[in-house]
There are 2 protein chains.
Amino acid sequence: MSQRVPTVRDVAARAGVSVGTVSKALNNRGQLREETRARVVAAARELGFRPNSLAQGLQSGRTYTVAVITTDRFGRFGNPLMLGVEDALGADRVSVFLCDTRDDPIREHHHAETLDERRVDGIIVAGRRKQTRAPLAVASGVPVVYVIAQSSDPSDFCVTTDDVGGGVLAARHLLASGRTRIGHITGPERFADPRERAAGLSSVLDSAGLDLAGGQVFYGEWSEDWGRRAAEMLLHAAPDTDAIFCGSDQIARGVVETLRDRRLRVPGDIAVVGFDNWEPMAAGCRPPLTTVDPNLREVGRVAATRLLDMIAGRPVEGGVETVPAWLMLRESTGVREAGA
Amino acid sequence: MSQRVPTVRDVAARAGVSVGTVSKALNNRGQLREETRARVVAAARELGFRPNSLAQGLQSGRTYTVAVITTDRFGRFGNPLMLGVEDALGADRVSVFLCDTRDDPIREHHHAETLDERRVDGIIVAGRRKQTRAPLAVASGVPVVYVIAQSSDPSDFCVTTDDVGGGVLAARHLLASGRTRIGHITGPERFADPRERAAGLSSVLDSAGLDLAGGQVFYGEWSEDWGRRAAEMLLHAAPDTDAIFCGSDQIARGVVETLRDRRLRVPGDIAVVGFDNWEPMAAGCRPPLTTVDPNLREVGRVAATRLLDMIAGRPVEGGVETVPAWLMLRESTGVREAGA
DNA sequence: GTGCCGCCAGAAAACCTATTCCGAAAGTGC
DNA sequence: GCACTTTCGGAATAGGTTTTCTGGCGGCAC
């Protein structure tokens, strides 16, 4: 009872040919009689033969594997991203190694070494936040694409979200809905992402000759609780606010709760726009949230596609490619009620 | 300018020894003079040599790779699970292939074939729901561990959550807090998970001689909206309800919202317990939710550990191993207010 | 002092599995 | 009978690990 997995040698023996012939028959290469080819194929099927991709990789120098290194503790951002990556990679029978660094440089280095040894064809390095980071320490020649967090080496290629554009989308939508006294509650000022979203909003307001309701951006934390507290502050500073753009869906949830407590109708009295399009948060809200979708799945798809380009030797220019966001319309920015 | 990655041959040439000697030197095997070993190690370092793990895998028959096949990429369930898997695997330098089937049997089969060819050492098949599924169609001999969804082959090994136990925990906690009129709002009745949670609750209530508030389990959907609607129904049927155990944190959020609308205080008038301990949902709730944590990270850790056992040839009995849940205490089940 | 045994260090070769290139045998055409 | 094609075997190759082999040397006995 040999439980051994069959090799080309076994197939060759069973078909009565040489190993070279087996390879040619199964890969449709070389000159073979149709009868021979069929015999080999039959033998392979009967034995349940599966070529060893380690041996193939050794031979060809390509492993058809790609790694995704993420700092995101498999958080919610990683999911749509991975989905996009799989979209692009799946077609090519490329398998994905998933490595979580847990924000630890030692772990990252460790993963990089292992991936080097595994001779992955390429690597996607995904950060959680927009920031500049040191290039991944990996064998020269292995293509690397950076996602969201970009490399400090300008010749590296990076794909990222369009946070300024997301802010612009939200702002234009609110203006188009007839809102003019728009406030902004968002995450920590020390991060680039919320600053860019705020910049997008401000640019639109400036062009329209409008000021930010409350006179300032309310920077704080990425939590519902901050949304609740900041909404109080904003309404205290500017009681006539008629729209609030929030830096995340979680913040928006908090904001909506405060508005409800104060008997303010959404969207009747105040429209609310979130950011992330984090389905369970945004759709579960009452009313469901209109929100900016940063298009992470597309970001993942673009990253993987470019990586495949680089692997195939097609030139990919260094620099940052920005994927446009889009607006998910739900009820929280619906039409303003008459007389409101 | 040869960009070629260095091989043992290059190291051997630089150190002035044979390739066999290089291997022995770098792996601390065989008999070598200390001076020779040091010379080889130095040469390897200077060249930036990294052994090709494809070649090693070909030789040893072990690849130090494991695959996780999941049907649940969107879900929040995959994240803590993967974390646990990496906890257990990381120590052994085992890399993880992540395969998403998107609930498509064709995709699953496709992944299984590819993993076969890659000669992964083992596979973890993770389902989203407790159900029985056909065994993964993979080369005989490759160890497979099933998570949550179990294999129809009783000799396969499966790790799963303790939903009955979770229900028991929630029920005991509520009884201990002095609640006696406990309702239950949960997900679809056609799934085993909510039925088991309800069974756990019922068993405790039965032992205490209590009935379920509202006279029935409110089965529905896994949404906030169902939580809101079902809470209305429950309160209509049993206005004196003093606690609600919810089948998910999302449902609990909806329930809490309805209670707030009705001016019922949580936990003052009614205590609420969720299920999942999905941090942003449970902690963001006002008040923060006491909730059953199904311990998915531990489930992942156990699955990976058992898989490593099987890979190492240590016997693992078939059957289902259940990982105990635990209760995350937050404010939604705090002390009952005096006079309430 | 010389011959033999055994050990040490490292070279050389075999092996893991699949692919590819080269060449040989057999068959065809004229 | 010669050139040419078709068909397939055999060997080289990829990059390591492992086993076997060899040369040199020390120790011991006579």
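Numbered from 1 within each chain, the chains take letters A, B, ... in sequence-line order.
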Quick one: label [X] by what it contacts on the DNA or RNA (base, sugar-phosphate, nothing), any heavy atom closer than 4.0 Å.
X	value
A:V22	nothing
B:R37	nothing
B:T7	sugar-phosphate

To the nearest Å, give me how far apart [atom1] ([X]) and [atom2] ([N]) are.
X	N	atom1	atom2	result
B:R119	C:dT17	CZ	P	8 Å
A:K24	C:dA18	NZ	P	16 Å
A:E117	D:dG16	CD	P	10 Å
A:R33	C:dT28	CZ	C1'	15 Å
A:E35	D:dT6	CD	P	18 Å
B:L26	D:dT18	CG	C1'	15 Å
A:R62	C:dT19	CZ	C1'	16 Å
B:N52	D:dA14	CG	P	12 Å

Query raised in the report: Just checking, B:R62 and B:Y64: is the charged tip under 6.0 Å from the six-membered ring centre and within 45° of the axis?
Result: yes
**Report entry** Any N/O donor-acceptor pair, B:Q59 side-chain to D:dG16 base, under 3.5 Å
**Finding:** yes
Query - Which residue lies more 5' along DNA chain C, comparing B:Q31 with B:V19 via nearest heavy atoms - result: B:Q31
Would you say [N] has OP1 or OP2 under 4.0 Å from some side-chain N or O of [X]?
X	N	result
A:T36	D:dC8	yes
B:R29	D:dT17	no
A:R9	C:dT17	no
A:N27	C:dA18	no
B:S18	C:dA11	yes

Requested in this report: Give the nucleotide from the list C:dC16, C:dA18, D:dG10 with an atom nearest to the side chain of B:L58.
Outcome: C:dC16
**Report entry** Ring centers of B:F97, A:F97 separated by less than 6.0 Å
**Finding:** yes
Report task. Using a strict cut-off of less than 4.0 Å between a Lys/Arg side-chain nitrogen and an Asp/Glu carboxylate oxygen, indicate whether A:R297 and A:D87 qualify as a salt bridge. Result -> yes
**Report entry** Other residues, nucleotides, ligands: >12 heavy atoms within 6.0 Å of B:E317 CD
**Finding:** no
Query raised in the report: Do the non-hydrogen side-chain atoms of A:V125 and A:R133 ever get within less than 4.5 Å of each other?
Result: yes
Query raised in the report: Which comes earlier along DNA chain D counting from the 5' end, the contact point of B:T21 or that of B:A55, where each point is its nearest nucleotide?
Result: B:A55
